[in-house]
Amino acid sequence: MKVLVVGSGGREHVLCWKLEQSSKVSKLYCLPGNGGIESAAECIDIKSDDINGIVKFSIEKEINLAIIGPEAPLVEGLADKLIENNIKVFGPEKSGAKLEGSKIYSKEFMEKYDIPTAKYKKFTNSDKAKEALKDFKPPYVVKADGLAAGKGVLICENKTEGIRAIEKIMEDKNFGGAGEKIIIEEFLDGIEGSLLCLVSKNKIIPLESARDYKKALDEDLGLNTGGMGCFSPNPLFNDELKIYLRNEVISKIEDGLNQEKIIFTGILFIGIMIKNNKAKVLEFNVRFGDPESQVVIPRLENDLYEVIQKTIEGTIEEKDLKWTDKKAVTVILASGGYPVKYQKEKIINGLENIEDDVIVFHSGTKKINGNYLTNGGRVLAVTVLAESLEKARKKVYNNIKGIEFDNMQYRKDIAKL
Ligand code: AMP
Ligand code: GLY
């Protein structure tokens with residue numbers, strides 16, 4: 001089968017790494033891919049927002065299955081266009097992708113189907129939003145409605161910061177059209193968890209759990225990032241929480257999708273805030289998480305192509321999924337200054353020093369004349385599977401010592417429970 005993966009990050013590297021191991025995949029392409037993905041797939045320089053380019057390429061190459069990594073092309077309707085051309089797609093159509101594409105839509109969906117989430121109000125006018133801060137308690141959570149590359153959520157300690165956040169989004173238009181509407185919501189405390197699920201024609205099957213570390217610096221200090229490290233499984237997902245999630249979240253989402261006549265196929269990543277074995281939904285993402293994928297997919301023992309194929313057909317069942325008992329840890333090596341301002345094109349040294357059973361997924365690299373150069377904020381994800389979390393963690397950090405690039409930054413406390 002000819003398979004196409006769309007995207008260029010660590011998430012797409014792990015997808016290609018796993019698909020390359022499938023005997024069913026005869027040819028693997030990645031658009032546009034990155035320096036590391038080149039070792040698993042043929043990378044073609046068509047960007048993931050070039051919807052027409054991707055469709056044309058898929059028709060020309062007679063692609064049998066397209067797997068769409070990032071949210072933006074899903075929200076733009078890439079899946080719809082490929083399906084119109086009889087290409088099988090793993091990733092929701094526009095109607096399902098709206099669960100990530102509009103925070104207001106996702107909150108209304110949660111409200112309508114009684115899914116636990118933070119209380120909120122929506123606004124289209126900045127003065128009204130500022131006035132309404134008095135109805136909330138600090139810290140204030142202000143969110144742009146549309147996609148903002150993971151940066152559209154501002155958590156504000158006091159009213160002055162809250163007003164500034166509303167101005168930045170609605171008046172200064174820091175996130176362009178994504179900030180025409182906003183929501184202000186109740187701040188939730190607890191511990192965050194990532195629940196990635198396969199969705200097979202609206203049947204939701206949770207994958208193994210993971211814990212992401214979103215803040216840039218140790219001890220959860222600094223700015224929010226796309227994720228600086230991750231481990232799986234996450235012990236917070238005990239039986240009591242799993243039952244709660246099945247009854248109060250997953251079943252209600254299934255019901256909502258059916259009632260709204262949305263047919264969803266792909267990944268639904270439910271971001272939750274956990275407290276006392278209960279949880280509230282923070283957000284929906286309609287694609288694999290990054291760096292969640294780097295710890296969850298390596299623990300899957302099945303052939304990923306077969307799993308995806310059955311998910312699209314609607315025949316997959318939870319018992320089909322086989323997981324290793326090993327624990328996985330990944331630590332992101334990022335460019336100094338990330339998530340704000342950082343430099344690119346720094347030579348990465350030491351990748352040859354890595355032990356054989358350590359996997360280095362590339363998040364933002366390019367390969368020039370045999371050298372890997374940095375090409376993004378998040379650069380590499382160093383990943384280990386081991387009998388215990390502690391062993392995996394130690395091995396990751398030992399191997400990181402051998403890797404080096406100018407201004408490399410990483411957290412030292414990933415998976416330190
Ligand atoms: P979202 O994109 O909605 O998940 O928000 C990004 C991040 O902001 C989340 O991963 C949380 O760390 C934080 N966050 C979002 N909403 C809330 C909330 N209501 N209370 C506390 N933290 C939040
Ligand atoms: N790690 C969080 C995300 O992928 O959105």
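Counting starts at 1 for both ligands and their atoms, following the listed order. Note: hydrogens, waters and symmetry copies are ignored here, and every other heavy atom, side chains too, is used.
- For Phe288, the closest heavy-atom approach to ligand 2 does not fall below 4.0 Å.
- Protein heavy atom at the shortest distance from atom 20 (N) of ligand 1 is Leu188 N, 2.8 Å.
- For ligand 1, the atoms sitting less than 4.0 Å from at least one non-hydrogen atom of Glu186 are 18 (C), 19 (N), numbered in the order shown with element in parentheses.
- Looking from atom 17 (C) of ligand 1 to the surrounding protein, the closest heavy atom is Leu282 CD2, 3.4 Å.
- The closest side-chain heavy-atom distance from Trp17 to Val14 is below 4.5 Å.
- A cation-pi arrangement is absent between Lys173 and Phe175 under the rule of less than 6.0 angstrom and at most 45 degrees off the ring axis.
- Under 4.0 Å from ligand 1, the heavy atoms of Val153 that appear belong solely to its side chain.
- Note on ligand 2: Pro291 sits in its first shell, one or more heavy atoms being nearer than 4.0 Å.
- Atom CD of Gln259 sits about 8.0 Å away from atom NZ of Lys261, to the nearest 0.5 Å.
- Annotation for Asn234 and Ser209: closest pair N-OG, 2.9 Å, computed over non-hydrogen atoms.
- Residue contacts with ligand 1 include Ile155, since one or more of its heavy atoms lies under 4.0 Å from the ligand.
- By the 6.0 Å and 45° rule, Lys98 stacks over the aromatic ring of Tyr105.
- Near Asp212, meaning under 4.0 Å from one of its heavy atoms, ligand 2 places the atoms 1 (N), 2 (C).
- Side chain of Tyr113 to main chain of Ser251: no donor-acceptor pair is present (N/O by atom type, distance under 3.5 Å, no hydrogens or angles).
- The closest approach between Gly289 and ligand 2 falls below 4.0 Å for a heavy atom of the residue.
- Annotation: the span from Ile332 atom CD1 to Phe361 atom CZ amounts to 10.5 Å, rounded to 0.5 Å.
- For the pair Ile253 and Ile270, the minimum side-chain heavy-atom distance is below 4.5 Å.
- Ligand-side atoms of ligand 2 in range of Lys214: 2 (C), range being under 4.0 angstrom from any heavy atom.
- Listed by atom number, the atoms of ligand 2 under 4.0 Å from Glu292 heavy atoms are 1 (N), 2 (C), 4 (O).
- Gln294 and Thr383 get closest at one heavy-atom pair: O-CG2, 3.3 Å.
- Residue Asn224 has at least one heavy-atom neighbour below 4.0 Å for each of these atoms of ligand 1: 7 (C), 8 (O).
- Close contacts of ligand 1 with Lys103, meaning ligand atoms under 4.0 Å from a residue heavy atom, involve 1 (P), 2 (O), 3 (O).
- Counting only distance, with no hydrogens or angles, the side chain of Arg378 and the backbone of Gly226 share a donor-acceptor pair below 3.5 Å.
- For atom 19 (N) of ligand 1, the closest non-hydrogen atom on the protein side is Glu185 OE2, 2.7 Å.
- Of all atoms in ligand 1, listed by their number and element, those nearer than 4.0 Å to a heavy atom of Lys214 are 10 (O).
- Among Glu283, Lys107, Lys280, Lys143, the residue whose heavy atom sits closest to atom 15 (C) of ligand 1 is Lys143.
- In this structure, the protein non-hydrogen atom closest to atom 9 (C) of ligand 1 is Glu192 OE1, 3.4 Å.
- Atom 3 (C) of ligand 2 has Arg287 NH1, 3.5 Å as its closest protein atom, hydrogens excluded (heavy atom only).
- The NZ atom of Lys416 sits 5.5 Å away from the CZ atom of Arg393 when rounded to the nearest 0.5 Å.
- Every atom of ligand 2 with a heavy atom of Gly226 under 4.0 Å away is listed here by number and element: 1 (N), 2 (C).
- Glu100 and Arg287 are joined by a salt bridge, as a carboxylate oxygen and a charged side-chain nitrogen come within less than 4.0 angstrom of each other.
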